[in-house]
Amino acid sequence: ETGVTQSPTHLIKTRGQQVTLRCSSQSGHNTVSWYQQALGQGPQFIFQYYREEENGRGNFPPRFSGLQFPNYSSELNVNALELDDSALYLCASSPRGGGENTGELFFGEGSRLTVL
Amino acid sequence: LAKTTQPISMDSYEGQEVNITCSHNNIATNDYITWYQQFPSQGPRFIIQGYKTKVTNEVASLFIPADRKSSTLSLPRVSLSDTAVYYCLVGRVGDSSYKLIFGSGTRLLVRP
């Protein structure tokens, strides 16, 4: 148990639709990262939020966007869904970010998105 | 960000010691080495982190030679529940630009 909860756990969408995934981090964790994990591959970094500001982004198009709220929970939004967006989306939080990051992230169990 | 190279898969038997080696030839002076474990349909879990020589915790040991161009994760007396994917990552702890970048990992299968 990492204390990081994600919702929904599973969902099915069709191409062109939009999806919002939610993440509740551990109390006091000010940094949230989002990862996409396709079947059989390692997690791919999407972006990170530190104290409500985006703090780094991986090689994902602008239709992947996010938010971090004052309580440090976070959302991942994906617009214009494509078949290749089918994956496990992982949220991870950390008690320290910015210049104090330790390289230790606490991951949730993910949201499995299927795009038909 | 230093790239890492790991074996794609490894097999072992219960009770054996398993050593997974990771190559990171371009590791920078301030980079740390971190290992994560992932079970199917779960998020990765932090196992151990080190900078040089040897680090040990209740789960594993991490051996880092003097040149730091490789590292070895050692799992003592594995059990069936150690079947998982193991990821080796390098990066500059304490740097706000450091983001965990995962490779494909090593799939460890522990047999009875």
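A note on names: the letters A, B, ... follow the listed sequences, proteins ahead of strands, and every chain is numbered from 1. Computed from a predicted structure; not experimentally measured.
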For this session: Could you label the plane-to-plane angle of the A:His29 and A:Phe106 rings as parallel, tilted or perpendicular, counting under 30° as parallel and over 60° as perpendicular?
Result: tilted
For this session: Answer with side chain, backbone, both or neither: which region of A:Gln6 has an atom nearer than 4.5 Å to a non-hydrogen atom of chain B?
Result: neither
Exercise. Is the NZ or CZ atom of A:Arg57 both under 6.0 Å from the centre of the six-membered ring of A:Phe64 and within 45° of that ring's axis?
Worked result: no
For this session: Pick whichever of A:Leu90, A:Leu88, A:Leu105 has the most heavy-atom pairs under 4.5 Å with chain B.
Result: A:Leu105
For this session: Could you please spell out the steps behind the side-chain hydrogen bond (donor to acceptor under 3.5 Å, both in side chains) verdict for B:Ser70 and B:Thr21?
Result: CA-CA 7 Å; B:Ser70 67; B:Thr21 297; over 6 Å; no
Exercise. With only heavy atoms counted, which part of B:Phe39 is less than 4.5 Å from chain A, the side chain, the backbone, both or neither?
Worked result: neither
Exercise. Hey, which of B:Thr83, B:Leu73, B:Leu75 is the one that makes side chain to side chain contact (heavy atoms under 4.5 Å, CB included) with B:Leu108?
Worked result: B:Leu75
